[in-house]
Amino acid sequence: MKPFEANIRKVVPYVPGEQPKREKMIKLNTNENPYPPAPKVAKALGELGGDRLRLYPDPTCQILVDALADYYKVGKDQVFVGVGSDDVLAMAFMTFFNSDKPILFPDVTYSFYPVWAELLHIPFERPALDEQFRIRKEDYYRENGGIVFPNPNAPTAIAEPLSFIEDILVHNPDVIVIVDEAYVDFGAESALPLLEKYENLLIVQTFSKSRSMAGMRIGYAIGSPLLIRSMNDVKYSYNSYTMNTPSLVCGVEAVKDEAYFRETVGKIVETREYAQEVLKKLGFEMTDSSANFLFVTHPAVPAAELFEALKKEDIFVRYFRADRIDNYLRITIGTGEEMEALFAFLSDYLKNR
Ligand code: PMP
């Protein structure tokens with residue numbers, strides 16, 4: 001080992017879902033939206049040029065902060081935007097999780113949480129989900145250095161009601177509680193109404209799923225002015241130009257088109273309900289999804305086998321080789337047509353295997 005290697009940080013990085021480059025693939029593995037972003041997003045992008053790109057972006061991200069504050073009816077000092085919710089969550093970990101006590105998040109959840117915790121030397125503990133893959137709120141009633149969980153949880157797709165979130169907040173007045181609402185628009189209750197009562201609540205959302213803009217990288221946090229100010233202080237101590245101008249401009253256009261947003265989210269929810277029925281008929285078992293994906297298992301066929309068989313057909317779903325969930329597949333809801341192709345393949349495969 002070269003002497004300088006001793007000072008290189010060793011981390012086990014997060015592994016993002018595959019982005020295969022296949023011509024006719026059906027891509028149901030990273031929870032992207034199968035529909036394009038609102039029409040004015042592409043138009044705005046096409047019109048960007050000249051000084052808009054020559055100059056640095058606005059470090060305060062004001063146009064997007066204002067659009068989100070108006071949309072959610074919160075103060076402009078209550079919104080923080082970043083490069084996807086991954087960036088916002090990493091910034092929140094850095095800002096709020098500085099206790100010697102462990103932060104808490106479920107054993108089965110978004111697999112980036114332990115990676116940030118390791119990277120930032122934050123101690124953590126992972127209370128186990130119950131047998132039905134539900135979060136047990138009582139596990140979060142003990143002393144801790146902060147709490148983070150997605151609602152709906154991922155990859156389980158299960159949502160908990162507002163009262164559940166409030167119970168956790170009531171028991172944790174002294175730490176920051178982050179609710180990661182990446183998938184909330186597909187059928188869960190947002191914790192936004194709780195912001196008035198709980199200054200220690202931070203809600204994180206994204207444009208990657210319900211607004212079809214994963215490629216743009218836009219995420220945001222909504223919280224009390226104190227929390228948002230603290231996140232901005234950390235941001236300006238790290239990288240003041242996180243958001244590029246195209247993201248700011250296009251993000252605003254997406255927020256403005258409420259009708260399109262409702263239409264596409266509605267289509268995905270409808271397809272999800274139908275997909276659950278069809279997959280159940282094929283013998284699959286699944287959690288009750290409030291997200292844009294299903295978390296399924298088949299009693300007779302191992303998930304790993306199905307994953308490989310689907311992949312051979314250029315149908316990509318997500319498989320986690322992890323404790324407790326290694327017999328499950330996470331299937332993103334695609335267009336009706338994509339789902340039909342999936343059903344047809346599975347039906348055939350299960351019959352002829
Ligand atoms: N939170 C959860 C629970 C997710 O599944 C994802 C998607 N990988 C993210 C946050 C991050 O999404 P993005 O950075 O695209 O906003």
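Both ligands and their constituent atoms are indexed starting at 1 by order of listing. We number each residue from 1, following the sequence as shown.
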Any idea which part of Asp180 is under 4.0 Å from ligand 1, heavy-atom wise: side chain, backbone, both or neither? side chain
Can you name the atoms of ligand 1, numbered from 1 with element, that are less than 4.0 Å from a heavy atom of Arg217? 13 (P), 14 (O), 15 (O)
Hey, what's the ring geometry for Tyr56 with Tyr241, parallel, tilted or perpendicular (30° and 60° as the breaks)? parallel
Number the atoms of ligand 1 from 1 as they appear, then name those within less than 4.0 Å of a heavy atom of Tyr183, with their elements. 3 (C), 4 (C), 5 (O), 7 (C)
Please check if any side-chain donor atom of Asn172 sits under 3.5 Å from a side-chain acceptor atom of Asn144, or the reverse. yes
What atoms in ligand 1 come closer than 4.0 Å to a heavy atom of Gly84? 14 (O), 16 (O)
Show the atoms of ligand 1 that are less than 4.0 angstrom away from any heavy atom in Ala182. 1 (N), 2 (C)
Of the listed options (Tyr113, Tyr14, Tyr110), which comes nearest to atom 6 (C) of ligand 1 when hydrogens are ignored and any heavy atom counts? Tyr110
Atoms of ligand 1 close to Ser208 [distance to a heavy atom under 4.0 angstrom, numbered from 1]: 13 (P), 15 (O), 16 (O)
Centroid separation Phe149 to Tyr113 less than 6.0 Å: no
Give me the nearest non-hydrogen protein atom to atom 12 (O) of ligand 1 as residue plus atom name, then the distance to 0.1 Å. Ser85 OG, 3.3 Å
Residue and atom name of the nearest protein heavy atom (relative to atom 11 (C) of ligand 1), distance in Å to one decimal: Asp86 OD1, 3.1 Å
Does the separation of the ring centres of Phe295 and Phe133 fall below 6.0 angstrom? yes
Is it the case that the ring center of Tyr183 lies less than 6.0 angstrom away from the ring center of Phe293? yes
Member of Lys21, Lys24, Arg22 meeting the salt bridge (charged side-chain N to carboxylate O under 4.0 Å, His left out) criterion with Asp314: Arg22
Check ligand 1 against Lys209 and write out every atom of the ligand that is under 4.0 Å from a heavy-atom position of the residue. 7 (C), 8 (N)
Acceptor/donor pairs from residues 156-169 side chains to any protein atom, 3.5 angstrom cut, sequence neighbours excluded:
{"residue": "Thr156", "atom": "OG1", "partner": "Ile158", "partner atom": "N", "Å": "3.4"}
{"residue": "Glu160", "atom": "OE1", "partner": "Arg134", "partner atom": "NH2", "Å": "3.0"}
{"residue": "Glu160", "atom": "OE2", "partner": "Arg134", "partner atom": "NE", "Å": "2.8"}
{"residue": "Glu166", "atom": "OE2", "partner": "Lys197", "partner atom": "NZ", "Å": "2.8"}
{"residue": "Glu166", "atom": "OE2", "partner": "Tyr198", "partner atom": "OH", "Å": "2.6"}
{"residue": "Asp167", "atom": "OD2", "partner": "Lys137", "partner atom": "NZ", "Å": "2.6"}

